[in-house]
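One structure below.
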Protein chains: 2
Amino acid sequence: MSRTIDPYNALPKYNQLASILRQKIEDGEWLPRTSIPSERQLEVIYSISRTTIREAIDHLVRQGYLYREHGRGTFVSPQKLQKGLMELTSFSEDLLKRGIQPGQIIRSLNWVDAPAKIAQKLEIPTGTPLLRIERIRLGDNIPIGLQTSYLALSPEQAISESDMQGSGSLYRILQEKFNIIPSEADETLEVTLATPEEAVLLEIPEGAPLLLSERVLFAQNRKPVEYVKILYRGDRYQYFVRLTR
Amino acid sequence: MSRTIDPYNALPKYNQLASILRQKIEDGEWLPRTSIPSERQLEVIYSISRTTIREAIDHLVRQGYLYREHGRGTFVSPQKLQKGLMELTSFSEDLLKRGIQPGQIIRSLNWVDAPAKIAQKLEIPTGTPLLRIERIRLGDNIPIGLQTSYLALSPEQAISESDMQGSGSLYRILQEKFNIIPSEADETLEVTLATPEEAVLLEIPEGAPLLLSERVLFAQNRKPVEYVKILYRGDRYQYFVRLTR
DNA sequence: CTGGTCATGTGGTCACTACCAGTTAGATTA
DNA sequence: TAATCTAACTGGTAGTGACCACATGACCAG
């Protein structure tokens with residue numbers, strides 16, 4: 001990561017500056033609760049306008065790296081374990097962050113007609129063809145979740161089992177192959193008990209408590225793209241969120 | 001809500017404009033997926049600069065009311081049931097939004113010495129006095145959660161049982177009496193089973209599944225203020241989050 | 001009919017300028 | 001000494017002006 005702003009770089013300047021500042025925080029060059037240079041000082045240091053400085057700082061504030069105090073200065077947030085705040089992460093990204101090796105077993109991958117309940121959530125007519133993917137999610141090779149995804153894709157936009165095999169991250173495939181960028185999701189969490197089939201697949205006793213997550217994923221244009229249902233083993237999974245006002 | 005910008009109003013203009021635009025969306029004057037006037041048009045309509053217009057729109061985009069498409073325009077998001085996105089809400093606000101009548105029974109309210117585990121989460125020395133509040137939370141008069149809060153307050157900053165009786169919202173008391181504004185929280189969710197005592201209090205069978213939430217609340221200056229543990233009845237509570245990238 | 005070009009409208013980025021609103025520390029005053 | 005004032009910081013709000021990147025539709029050439 002460079003230490004100066006390159007005006008010929010394709011990246012916008014506020015973006016470059018944000019990276020530089022983030023780096024200084026992550027490297028520990030700037031310690032928690034200490035102030036960073038004032039906006040007017042940064043203006044001189046990096047030879048860019050205050051508008052741009054503020055835009056860079058805005059980003060870092062929203063991401064939880066910095067906080068401002070009117071009249072006093074801008075300060076480094078005390079670092080928490082989780083870097084990004086309430087970020088939308090895929091299952092595999094999520095586990096990697098916790099230092100657990102993600103893995104998966106694909107149980108099936110096929111086209112189905114949208115059931116009424118799911119069609120409603122995806123805001124499409126009942127019966128529209130959807131790509132359904134059933135997977136067992138593994139953490140360090142032990143089952144921790146049972147995941148069923150329904151993707152609203154056009155028939156041309158096929159995803160093969162080998163596509164999935166590679167990265168494992170469905171979100172990366174959506175982004176790279178179809179230019180669908182996951183940008184928002186609504187998620188509910190509740191508690192249920194394992195049915196006999198679920199118990200077998202997750203290698204737990206029947207009736208063991210599970211965390212049930214249902215998520216609807218939206219693309220850039222706020223169109224619903226995916227409906228996912230995940231059953232997590234209660235004894236192996238903890239859900240984390242950072243909430244902001 | 002006024003329909004024009006008042007330069008003498010104490011509220012900043014971008015704030016006033018955001019309110020006006022939000023109102024038009026909520027009133028249905030601007031329909032989902034339709035475009036709103038361009039930034040240059042709004043400049044003329046409200047006689048304020050594009051800088052300010054963009055700041056107002058930025059807020060609404062982050063709150064999920066609008067989305068932008070480069071080169072095409074700014075559009076109204078399809079409205080979801082929940083208005084604000086991933087907002088930090090108190091228990092009572094949360095229930096009210098769902099149309100459930102919140103209630104509570106205060107089981108105890110007293111000062112205790114911080115146990116090691118909690119002291120660590122609140123980033124204070126073990127043994128520091130903390131205000132502990134134990135409550136049974138009710139929804140439409142049926143128990144749905146068992147809540148234990150530990151508040152890092154100075155001994156002068158007392159909260160009495162009658163304070164709590166009134167609003168019921170601890171967050172409002174913190175804000176109004178002590179100028180502590182809840183601005184961020186880290187929360188984990190997991191599954192457990194009810195112990196005999198918990199079962200009695202929540203009026204459920206022993207061993208019934210519960211949703212266990214642990215939350216650390218931070219104030220404006222990112223200092224930890226409260227540690228809360230809530231046990232939700234699995235059959236009566238569903239947790240909702242909106243995630244953003 | 002097809003493909004390219006181009007003008008125009010949109011949001012995105014950036015600089016410069018000005019003034020307002022809290023905070024703080026040092027000078028001043030009672 | 002203690003309270004007050006003030007100047008010099010800090011971030012917050014706002015206007016103006018410029019140019020870039022992307023989308024779209026009208027037009028034209030093949």
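Below, chains carry the letters A, B, ... as their sequence lines are ordered, and counting in each starts from 1.
- The distance from atom OH of B/Tyr46 to atom P of D/dA14 is 16 Å, rounded to the nearest whole Å.
- A side-chain donor-acceptor contact under 3.5 Å links A/Ser213 and A/Glu187.
- Across the protein-nucleic acid pair, A/His59 atom NE2 and C/dT13 atom C1' stand 12 Å apart, rounded to whole Å.
- Close to C/dG12, at under 4.0 Å from its OP1 or OP2, lies a side-chain N or O of B/Arg54.
- Although no hydrogens or angles enter the test, the distance criterion places a donor-acceptor pair under 3.5 Å between the side chain of B/Gln16 and the main chain of B/Leu11.
- Between D/dG11 and A/Thr74, a contact under 4.0 Å exists linking OP1 or OP2 to a side-chain N or O.
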Mind listing the N/O atom pairs, protein and nucleotides 22-26 of chain D, below 3.5 Å?
from, atom 1, to, atom 2, distance (Å)
D/dA23, O4', B/Gly71, O, 3.4
D/dT24, OP1, B/Arg72, NH1, 3.1

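- One cannot find a donor-acceptor pair under 3.5 Å joining the base of C/dG22 and the side-chain atoms of A/Arg68.
- The two residues B/Glu55 and B/His59 make their nearest non-hydrogen contact at O-ND1, 3.0 Å.
- In this structure, the ring pair (Phe, Tyr, Trp, His ring centres under 6.0 Å) partners of B/Phe75, at least two apart in sequence or on a different chain, are B/Tyr67.
- As rounded to whole Å, 14 Å separates atom P of C/dG12 from atom CG of A/Asn15.
- Judged by distance alone, the side chain of A/Ser47 and the main-chain N or O of A/Glu43 form no donor-acceptor pair under 3.5 Å.
- Remark on the helix from C/dC1-D/dG30 to C/dA30-D/dT1: inter-end axis angle 0°, axes from five-pair C1' superpositions, rounded to 10°.
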Review item, side-chain donor-acceptor pairs of residues 112-122 of chain A, under 3.5 Å, at least two apart:
from, atom 1, to, atom 2, distance (Å)
A/Lys117, NZ, A/Glu214, OE2, 3.2

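- Using a cut-off of 4.0 Å between Lys/Arg side-chain N and Asp/Glu carboxylate O, A/Arg68 and A/Glu39 are scored as salt-bridged.
- In this structure, the side chain of A/Ser149 does not engage the main chain of A/Val228 through any donor-acceptor pair within 3.5 Å.
- We find that CD of A/Glu39 is positioned 11 Å from P of D/dT13, with the value rounded to whole Å.
- The phosphate of D/dC9 (OP1 or OP2) has no side-chain N or O of A/Gln41 nearer than 4.0 angstrom.
- The nearest whole Å value for the distance from the CZ atom in B/Arg40 to the P atom in C/dG11 is 7 Å.
- In terms of position on DNA chain D, the residue among B/Ile53 and A/Glu69 whose nearest nucleotide sits closer to the 5' end is A/Glu69.
- Within the structure, no pair that satisfies the ring pair (Phe, Tyr, Trp, His ring centres under 6.0 Å) test touches residues 23-44 of chain B, not counting sequence neighbours.
- Taking for each of A/Leu11 and A/Arg50 the nucleotide of DNA chain C with the nearest heavy atom, the 5'-most of the two is the partner of A/Leu11.
- Between B/Ile48 atom CD1 and D/dT13 atom C1' there is a gap of 12 Å when expressed in whole angstrom units.
- Residue B/Ser38 is classed as a sugar-phosphate contact, given heavy-atom separations below 4.0 Å to backbone atoms only.
- Look at A/Tyr14 and you won't find any side-chain N or O under 4.0 angstrom from OP1 or OP2 of C/dC14.
- Atom C1' of nucleotide C/dC20 and atom NZ of B/Lys13 are separated by 13 Å, given to the nearest angstrom.
- B/Tyr239 is linked by a ring pair (Phe, Tyr, Trp, His ring centres under 6.0 Å) to nothing, counting only residues two or more places apart in sequence or in another chain.
- Among the protein residues, B/Thr51 comes within range of the nucleic acid bases, having at least one heavy atom under 4.0 Å from a base atom.
- Rounded to a whole Å, the CG atom of A/Leu60 is 14 Å from the P atom of D/dG11.
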